[in-house]
Amino acid sequence: MPDSRYYLTTAIAYANSRPGLHTLYEVVGADAITRSHRMRGDDTFFLTGTDEYSVNIATTANRLGKTPRAFVDEMVELFRSAEGALGIAPDRFIRTTDPDHIRAVHEMLRRAYANGDLYQGTYEGWYCPNEGFKAPSDLIEDAAGVHCPNHPGVELQWLTERNWFFRLSAYQERLERYYAEHPDWVQPEYRKNEMLGFIRQGLEDFSVSREKAPWGIPFPIMPDGSSSQLPDGSWNPEAGTVYVWFDALTNYVTGVGFPDDPARFERWWPADLHIIGKDINRLHTIMWPAMLMSAGLPLPRKVWVHGWLLVQGERMSKSRGNFLDPQAVVAALGSDGTRYALLREVAFDRDTDVSWDSFVRRYNADLANDFGNLVNRTLSMTARYLGGERVPCRPADETPLAPEWRAARAGHEAKLDAFLLHDALAALWEFVGAANRFVDAEQPWVLAKAARDGDERAAERLRGVLGDLLEACRLIGFAAAPFIPNTAPRVAAQLGVPYPYAPDGSVGPRLDGLLEWGSGPRGGRIGTPEPLFPRLETEAELAQA
RNA sequence: GGCGGAGUAGCUCAGUGGUAGAGCAGGGGACUCAUAAGCCCUUGGUCGGUGGUUCGAAUCCGCCCUCCGCUACCA
């Protein structure tokens, strides 16, 4: 029985169009972290999903002649299938339109109200009749005045609404204290410092409801404080709808049973890790904790803020149109190839410039040439020189590979614990390099020739060397499994060793034990070698051909 | 404007006082088990500029230039 639990989340993706690779990047990273916890024996819960309410989505659906619900259903299908193609295995895919989420949002608001943190006020700003209220930063201002970038011909109105506000201003000191007492709760460090700076500038209350945005969760409280639920169970439209913050952020508690299943919620909350993009840092590390404090709930243990994928220095995004289609990348690199290229090529703690070419280069260099070829040459030599006998490795104190493994494994695990996934893979691949150098240093083909000529010592050494290499391949395959979950079982099968984990990484023994040098099963035969990661032709090579 | 960060080989970056590094890309070589992969060697940088501290600075301090992040109602 696992003795520790681990709950992690991604941000929920805005379901306003098909998913881009940049959106899924975060989910792939979270999935790799999830699998590493499952395989180390933690009882793990991984939540991801979609954010489906907004004026924007209702407008888009309307333009397409669909109901908002039908539209988001289609978008969600695209997200789920793209995630499936990438081997993402969440324990729950949450949608903000899920019925239990509505109950959770209502409960969070009731608690905030009961705590005196909600009050009625007026919100005013530019209002686009097609999209609703617009932030000043989202508007274009020129000689003709202010207008909406999406609807330049539509005249904006300066509207005032009566809205509910959340008393964020009351939480400044509590937040500062929490940051002081939990110095690494937001990481990387520089992201925490940005938020601290923001808090110290002073916090303003924010509005949490909208009067004129029907595609949203009904606001549960009437202006007089009474419930907005009508006798027939429906909600009074006069109460308006819940605005984005409570609607979206609350998903993290909904996902683990709030408020329907107190026992389950007690088990999983607080989350161990929220993984988010830098653009929503403030929501997660200032507004969300204040909302939780107001509700009397503990705060997540850590928020990790990753950067963006850049294309020639510009943020990859749907609106810029410079995003990669995840399905197209998977078609080219495969599911695991895409996962690896993403997580190795993109630094998890900052922005990184990427390109199709950078992914292909990374795939070819690390997966096809270094790791895939290592496995292939090891198996091929075992088949040719030893008739496919799966010879055992030498004891750790009799092979130079064992100390190399110890060092690489330590580096890998340290970086993984620090959420530096790219560095974790780099550390592991140090050992791939060491194993390849080991082959050339030992020259098994020379040993094999000598053995054929009757050299007993050469025959013995050949068995030891290939045994070490088979072990090296096994160790790399298992250690890399959270990153390349579809390939890891294939590596095991080719090596002729059992793969004791379920497809989502659960069930099996603690990975720790399997990562000890010499812990593989003895005896048996290898499977059939076949390339794990076929080499891709680069665009330059294709042009020459 | 305020606060913070960064400018090091073609590219991505490591390197916080003591003779400039890694990976990838480029060039050469020896081998042959392998996915024409791997291995070995190698080209390449006045470490943004400038002044200073020091026996000695990419590394510390001042000034300047350039770029970037944060600076609230977008999901």
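Each chain gets a letter, A, B and so on, in the order the sequences are listed, and its residues count up from 1. The shown structure was predicted, so the numbers you read here are calculated from the model rather than taken from an experiment.
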Whole angstrom is fine here: how far is it from CE in Met287(A) over to P in rA72(B)?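 Distance check: Met287(A) CE to rA72(B) P gives 12 Å.
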Separation of rU35(B) C1' from Asn373(A) CG (nearest whole Å):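 For the pair Asn373(A) CG and rU35(B) C1', the rounded distance is 6 Å.
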Looking just at side-chain N and O atoms, do [X] and [Y] make a donor-acceptor pair shorter than 3.5 Å?
X	Y	result
Asn163(A)	Tyr243(A)	no
His306(A)	Glu26(A)	yes
Tyr190(A)	Asp349(A)	no

Ring-face cation contact, Tyr171(A) with Arg174(A), 6.0 Å cut, 45° max: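 Yes, Arg174(A) lies over the aromatic ring of Tyr171(A).
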Under 4.0 Å between a side-chain N/O of Arg200(A) and OP1 or OP2 of rU71(B), yes or no?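 No.
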Reckon Tyr190(A) has a side-chain N or O less than 4.0 Å from the OP1 or OP2 of rG69(B)?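 No, because none of the side-chain N or O atoms of Tyr190(A) sits under 4.0 Å from OP1 or OP2 of rG69(B).
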What I want to check is whether an N or O donor and acceptor connect the side chain of Asp440(A) with the base of rG38(B) at under 3.5 Å.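 Answer yes: a donor N or O sits under 3.5 Å from an acceptor.
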What I want to check is whether an N or O donor and acceptor connect the side chain of Ser207(A) with the base of rC73(B) at under 3.5 Å.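 Side chain to base: pair found, below 3.5 Å.
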Mind checking who [N] pairs with, Watson-Crick or G-U wobble, both distances under 3.5 Å?
N	result
rG23(B)	rC11(B)
rG38(B)	none
rG4(B)	rC68(B)

Looking only at side-chain atoms of [X], point me to the closest of [options].
X	options	result
Arg377(A)	rU71(B), rC33(B), rC70(B)	rC33(B)
Ser380(A)	rC33(B), rG69(B), rA37(B)	rC33(B)
Tyr243(A)	rC70(B), rG23(B), rC74(B)	rC74(B)
Glu194(A)	rA25(B), rA37(B), rG69(B)	rG69(B)

If we require ring centres under 5.5 Å and near-parallel planes under 30°, does Trp445(A) stack on rC33(B)?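 The ring of Trp445(A) is stacked on rC33(B).
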Using a heavy-atom cut-off of 4.0 Å across all strands, would you classify Asn193(A) as base, sugar-phosphate, or nothing?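 The residue Asn193(A) makes no contact with any strand.
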Rounding to the closest angstrom, what is the interatomic distance between rG62(B) and rA57(B) at atom C1'?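 Rounded to whole Å, the distance is 15 Å.
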Look at the rings of Phe371(A) and Phe533(A) and say which category their plane angle falls in: under 30° parallel, 30 to 60° tilted, over 60° perpendicular.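 Tilted: the ring planes of Phe371(A) and Phe533(A) meet at 30° to 60°.
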